[in-house]
Student: 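Provided herewith is a single structure, encoded as structure tokens, for subsequent inquiry.
Everything quoted here is computed from the prediction, not taken from an experiment.
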Amino acid sequence: TYTTDRLSKLNKKRLMFLPLVVDAGEGVKICITESGLENYPGLYLSAAEGENLLTGKFAPYPKKTVQGGHNQLQMLVKEREVYIAKVDKPRSFPWRMSIVTTSDKDLAASNLSYLLAAPSRLTDISWIKPGKVAWDWWNNWNLDGVDFITGVNNPTYKAYIDFASANGIEYVILDEGWAVNLQADLMQVVKDINLKELVDYAASKNVGIILWAGYYAFDRDMENVCRYFADMGVKGFKVDFMDRDDQYMTAFNYRAAEMCAKYKLILDLHGTHKPAGLNRTYPNVLNFEGVNGLEQMKWSPASVDQVKYDVLLPFTRQVSGPMDYTQGAMRNASKGNYYPCNSEPMSQGTRCRQLALYVVFESPFNMLCDAPSNYMREPESTEFIANIPTVWDESIVLDGKMGEYIVTARRAGNVWYVGGITDWTARDIEVDCSFLGDKTYDATLFKDGVNAHRVGRDYKCESFRIKNDSKLKIHLAPGGGFALKIK
């Protein structure tokens, strides 16, 4: 989560991660970030003691690592070298850049980190398929109305596959639990999972299977793992718990991307640092975490203000690239009603806010975080989410103020989507539709209900006709949002 304060008041002993945004006054924002972060440590900043300066810091190269951490899936650095990187031949180094804007919405629209990265190293990208994912872990494998005990087993995953197929959702992920715990060995599958049966069943339903992998389990046997599961018909991996951006780990991300591309596998780099252009160089890498995403709502105390965080992200973290934020909660808590719950988690803010996040946040590999049972009880919201694209032909930030609100329009083909979110301040938004072409369109609007400030799931859906001279006035509840589809 973010600290916002004057430079002179910041803790001199703490590091600041990028992207870092500085308000220079008179409407000027400076976003400091980097791109082309390949085989080199990521940059951190710290406030210089007694001066109005920022100084750069880098993680030293790891000298000694030991297996450990979460379920023995990490390599923990116990000792570091006195240098930050090994360089054995002439090379280029990462871009360090300042994006200077006089309009917050222009900062949110910047894709400079992507543009400065090395071009794609893949000659054939026709096999790369972005899409949405029915996700198991956030909702704790909770299904109701079924005649089997839910959990990490084939009947549960077949139910997820059936839900995905019925709603045109491209993928189902098997998150942590399908491989034997504490072994860091992806060839050891738990007894209640028949992986080949699931992959074949999903294929028959036009659904792809994605496998979660702990970092060390994936890294220690990378090519064999990629070859074996690609041959089985698995479509990609979500790799987790890298948790560092020293030189060794930034190099790992590129090695993993290259190896997955060799076997035509897509890759979601969870538990990792900001993208910094990797998704341009290897477009099979569809998403990155490096964000305090919705999964944190399973355990974060109410003091964590996720609503305020959401209206900071488009101007900070998202400037560096897509985010595995994992939106889509169907339990929606208005202000004061949120509490952490691991097995039946909820979001902060309204239902329409969750719908809007599919437009506002960039996420080519995008989760439906809630349980199929909950989505099936909410057919209107589910239809909107299931049909929304995850990649776009055109994006326009229509309006926004960092830490307060944002309104974003995105086009895929001939269909426009507009999403807007606010902080805990109720807000009246006017959407200027001049970005539309010169004809009349059908519009469907999801907006906060009159009681959304009390009951977060309260919303209203209405349809009407609009033109490019239309100006839509929409009220957003505290923690609210809206989602608009135009075709």
Student: Residues in side-chain contact (heavy atoms from CB on, under 4.5 Å) with E79, at least two apart?
Tutor: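 Per chain and number, E79 pairs via side-chain contact (heavy atoms from CB on, under 4.5 Å) with K63, K64.
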Student: Holding to salt bridge (Lys or Arg N to Asp or Glu O under 4.0 Å), I want the full list of residues that pass it with R454, two or more places apart in sequence or in another chain.
Tutor: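 With neighbours one apart ignored, the set is empty.
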Student: Restricting to ring-ring contact (aromatic ring centres under 6.0 Å, His included), what partner residues turn up for Y325, sequence neighbours left out?
Tutor: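 Per chain and number, Y325 pairs via ring-ring contact (aromatic ring centres under 6.0 Å, His included) with F361.
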Student: For a quick test of reading the model, state the closest non-hydrogen atom pair linking A386 to K132 and the distance between them.
Tutor: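 Where A386 meets K132 most closely, the heavy atoms are O-CE, 2.9 Å.
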Student: Give me the ring orientation class for F241 and H70: parallel if the planes are under 30° apart, tilted from 30 to 60°, perpendicular past 60°.
Tutor: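 Ring orientation of F241 relative to H70: parallel.
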Student: Please name all residues satisfying ring-ring contact (aromatic ring centres under 6.0 Å, His included) with Y254, sequence neighbours left out, ordered by chain then number.
Tutor: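 Listed in chain order: nothing, the list is empty.
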Student: Among all residues two or more places apart in sequence or in another chain, which pass the ring-ring contact (aromatic ring centres under 6.0 Å, His included) test with Y282?
Tutor: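 Per chain and number, Y282 pairs via ring-ring contact (aromatic ring centres under 6.0 Å, His included) with no residue.
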Student: Please enumerate all residues that pass side-chain contact (heavy atoms from CB on, under 4.5 Å) together with A477, with sequence neighbours excluded.
Tutor: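 A477 satisfies side-chain contact (heavy atoms from CB on, under 4.5 Å) with T350, D448, A452 once adjacent residues are dropped.
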Student: Tell me every residue that passes side-chain contact (heavy atoms from CB on, under 4.5 Å) with R411, counting only those two or more places apart in sequence or in another chain.
Tutor: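 R411 satisfies side-chain contact (heavy atoms from CB on, under 4.5 Å) with D393, E394, W416 once adjacent residues are dropped.
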Student: Is a side-chain N or O of N332 found less than 3.5 angstrom from the main chain of G456, in a donor-acceptor match?
Tutor: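 Such a contact is absent between N332 side chain and G456 backbone.
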Student: Once salt bridge (Lys or Arg N to Asp or Glu O under 4.0 Å) is applied, what residue pairs with a partner in residues 335-351 remain, sequence neighbours excluded?
Tutor: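 For residues 335-351: R331-E344, R351-E378.
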Student: Could you list the donor-acceptor pairs under 3.5 angstrom formed between side-chain atoms of residues 179-186 and any protein atom two or more places apart in sequence or on another chain?
Tutor:
from	atom 1	to	atom 2	distance (Å)
N181	OD1	N71	ND2	3.2
D185	OD1	M187	N	3.0
D185	OD2	Q188	NE2	3.1

Student: May I have all residue pairs that pass side chain to side chain donor-acceptor pair (under 3.5 Å) and include part of residues 238-250, sequence neighbours excluded?
Tutor: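 Qualifying pairs, neighbours excluded: N39-Q247, Y44-D245, Q74-D243, R80-D246, D175-K238, W212-D240, D219-Y248, R244-D246.
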Student: Hey, could you give me each pair passing side chain to side chain donor-acceptor pair (under 3.5 Å) that has a residue in residues 418-427? Not counting sequence neighbours.
Tutor: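 Side chain to side chain donor-acceptor pair (under 3.5 Å) check on residues 418-427 returns D305-W424, K308-D423, T422-R427, D423-T425, D423-R427.
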Student: Would you be so kind as to tabulate the donor-acceptor pairs closer than 3.5 Å made by side chains of residues 107-116, with sequence neighbours excluded?
Tutor:
from	atom 1	to	atom 2	distance (Å)
S110	OG	L112	N	3.3
S113	OG	E34	O	3.3

